[in-house]
Amino acid sequence: MDSADYLEWPFFEPRHRALNDKLAVWTASHQPLLDSNGHDIERVTRAIAAELGNAGWLRYLVPATLGGPLPAIDVRSLCLIRESLAFHSGIADCAFAIQGLGSAPLTLFGNAALKQKYLPGMIEGKRLGAFALSEPESGSDVARLRTAARRDGNAYLLNGAKTWISNAGIADHYIVFARTGEPGDAKGLAAFVVDAGTPGLAITEKIDIVAPHVIGTLIFNDCRVDASALLGEPGEGFRIAMSTLDIFRATVGAAALGFARRALHEAIDRVGRREVFGQKLAQFQATQMRIADMAVEVDAAALLVYRAAWTKDTQERRVTRESAMAKLYATEAAQRVIDSAVQLFGGLGVTVGSTVERLYREIRPLRIYEGTSEIQKIVIATQLLGK
Ligand code: COS
């Protein structure tokens with residue numbers, strides 16, 4: 001990546017600078033893998049997850065007691081990893097992020113037996129996880145999700161549908177949020193770990209999205225899940241989902257930051273070489289204004305992302321507002337920065353296969369997944385104004 005002088009900011013410690021240096025070496029030596037975009041996306045996602053496991057990056061998803069390199073999950077490290085991966089490859093970033101969403105509920109709320117069963121394989125990149133929260137009728141309004149979990153002896157019977165689920169069809173397990181209580185009640189949800197291949201669980205659709213990605217729909221039809229697969233207590237599902245998102249929303253901002261930095265890097269390179277009307281693009285004041293705006297947005301996004309991550313790592317409190325601000329600003333700003341880069345590239349910017357064209361597609365879902373920009377504004381306003 002470009003100048004890492006932002007790592008001198010007070011949010012960081014020497015270990016973060018060391019991590020960033022190691023990431024730079026790793027990404028440079030894995031360029032062919034990171035460049036494999038678009039074709040056979042399931043195989044590529046699996047291969048990248050395995051390499052992320054071999055390199056030890058997935059260990060950052062768990063604390064030392066579960067095999068991680070640090071005493072607790074360090075959100076600044078997760079953000080640095082996502083930023084570096086996203087700079088090179090949206091698929092690699094996604095593979096890392098979904099391992100996080102598929103493991104954090106276990107790390108935070110699973111009992112010893114569940115952690116032992118699922119986490120070692122996940123951090124080695126041998127097992128893939130998934131986070132199944134969204135439904136056809138409820139993506140934003142989590143409290144209204146309909147998938148039902150009905151107690152039946154020592155088990156629960158799951159019935160319902162989940163959609164837009166990353167890793168659908170290649171995950172070895174799914175963290176599934178389902179209703180054990182009253183309809184519409186945030187306190188009526190529970191979270192389960194459901195193994196792929198459990199009878200009654202079917203992957204019914206693979207969805208093609210603008211940025212190639214493994215994503216699809218799951219249907220539960222009297223899917224019997226042992227009560228021992230419950231995370232926490234019945235009723236804790238909403239808190240489990242939100243606590244996971246409190247960690248990962250800042251990291252979505254970090255991924256957007258990685259995309260935006262790449263776009264700025266590509267744009268600076270381009271305007272220094274491209275000649276029009278007898279001079280370099282960089283010599284036009286219009287270009288300079290645009291590059292300056294892009295750089296300010298990148299730094300502002302970085303400040304919000306690492307403020308949220310630092311707060312989560314060092315303050316013993318919820319970071320719902322900070323992580324919502326980081327995700328909102330960084331993803332929206334990255335879309336503008338990338339759009340500017342496309343404009344500076346002209347026809348090449350919209351030519352399929354160019355880096356900025358890829359970034360233009362890859363940034364778009366980040367303003368939607370893990371809470372749309374509008375939901376982040378509601379979260380921020382609720383924190384300030386109350387309900
Ligand atoms: N951590 C822990 N607990 C939390 C929490 C958090 N971040 N956010 C809310 N809670 C608690 C609340 O404190 C509340 O408990 P009390 O009643 O005891 O105070 C309970 O959970 C319900 O919270 P709230 O009333 O705020 O829930 P709402 O139904 O109004 O929903 C939004 C809030 C819209 C913010 C939530 O549904 C959301 O984030 N939606 C987007 C989900 C999303 O990201 N979807 C994409 C799927 S993942 S790709």
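Both ligands and their constituent atoms are indexed starting at 1 by order of listing. Every value quoted in this text rests on a predicted model; they were computed, and no experiment measured them.
In this structure, Thr351 contributes its side chain and Gly347 its backbone to a donor-acceptor pair below 3.5 Å. The backbone N or O of Val210 sits less than 3.5 Å from a side-chain atom of Arg361, completing a donor-acceptor pair.
Atom 36 (C) of ligand 1 has as its closest protein heavy atom Met242 CE, 3.6 Å. If you check which protein heavy atom lies closest to atom 47 (C) of ligand 1, you get Ser134 OG, 3.3 Å. Scanning the protein heavy atoms around atom 35 (C) of ligand 1, the nearest turns out to be Val379 CG2, 3.4 Å. When only non-hydrogen protein atoms are considered, atom 22 (C) of ligand 1 lies nearest to Phe238 CE2, 3.5 Å. For atom 16 (P) of ligand 1, the nearest non-hydrogen atom of the protein is Lys187 NZ, 3.3 Å. Among protein heavy atoms, atom 30 (O) of ligand 1 sits closest to Lys387 NZ, 2.6 Å. At the shortest separation from atom 43 (C) of ligand 1 among protein heavy atoms lies Gly371 N, 3.7 Å. Of the protein's non-hydrogen atoms, the one nearest atom 13 (O) of ligand 1 is Arg318 NH1, 3.6 Å.
Tracing side-chain contacts under 4.5 Å through hydrophobic residues (I, L, V, M, F, W, Y), one reaches Leu119 starting from Leu78; they form part of the same cluster.
The shortest N or O to N or O distance between Asp141 and ligand 1 is not below 3.5 Å. Residue Asp246 has at least one nitrogen or oxygen atom sitting less than 3.5 Å from a nitrogen or oxygen atom of ligand 1, judged on distance alone. Polar contact check, Ala143 against ligand 1: no nitrogen or oxygen pair lies under 3.5 Å apart. For ligand 1, one of its N or O atoms has an N or O atom of Gly139 under 3.5 Å away. In terms of polar-atom proximity, defined here as any N/O pair under 3.5 Å, Tyr369 makes no such contact with ligand 1.
Taking a distance limit of 4.0 Å, we find that atom 32 (C) of ligand 1 is approached by no protein heavy atom. For atom 19 (O) of ligand 1, the nearest protein heavy atom lies 4.0 Å away or farther.
With a heavy-atom cut-off of 4.0 Å, Val142 touches ligand 1 through backbone and side chain alike. Of the heavy atoms in Thr382, none comes closer than 4.0 Å to ligand 1.
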Test side chain to side chain contact (heavy atoms under 4.5 Å, CB included) applied to Ile91 and Ile48, step by step
CA-CA 8 Å; Ile91 299 172; Ile48 289 180; 4.1 Å; yes

Show the numbers, then the answer: is there a side chain to side chain contact (heavy atoms under 4.5 Å, CB included) between Lys162 and Tyr174?
CA-CA 11 Å; Lys162 296 282 174 187; Tyr174 299 85; over 6 Å; no

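Classification of Asp35 and Arg358 as a salt-bridged pair fails, no side-chain N sitting under 4.0 Å from a carboxylate O. Under the 4.0 Å criterion applied to side-chain N and carboxylate O atoms, Glu135 and Arg146 are not assigned as salt-bridge partners. Salt bridge Asp293/Arg290: absent, no basic N to carboxylate O contact under 4.0 Å.
In this structure, Ile378 does not count as a contact residue of ligand 1, since none of its heavy atoms falls inside 4.0 Å of the ligand. Judged by the shortest distance from any of its heavy atoms, Arg249 lies inside the 4.0 Å radius around the atoms of ligand 1.
Judged by a 6.0 Å distance limit and a 45° cone about the ring axis, Arg239 is not positioned over the six-membered ring of Phe109.
A perpendicular orientation is assigned to the rings of Phe87 and His265, their planes being inclined by more than 60° (bins at 30° and 60°).
The minimum heavy-atom distance linking Leu128 with Gln99 is given by the pair CA-OE1, 3.3 Å.
Here the side chains of Arg17 and Glu8 are in contact, with some heavy-atom distance below 4.5 Å.
If you number the atoms of ligand 1 from 1 as listed, the ones under 4.0 Å from a heavy atom of Thr320 come out as 7 (N). Interface atoms of ligand 1 facing Leu245, defined by a heavy-atom separation under 4.0 Å, are 44 (O).
Between His16 and Phe11, the ring centre distance reaches or exceeds 6.0 Å.
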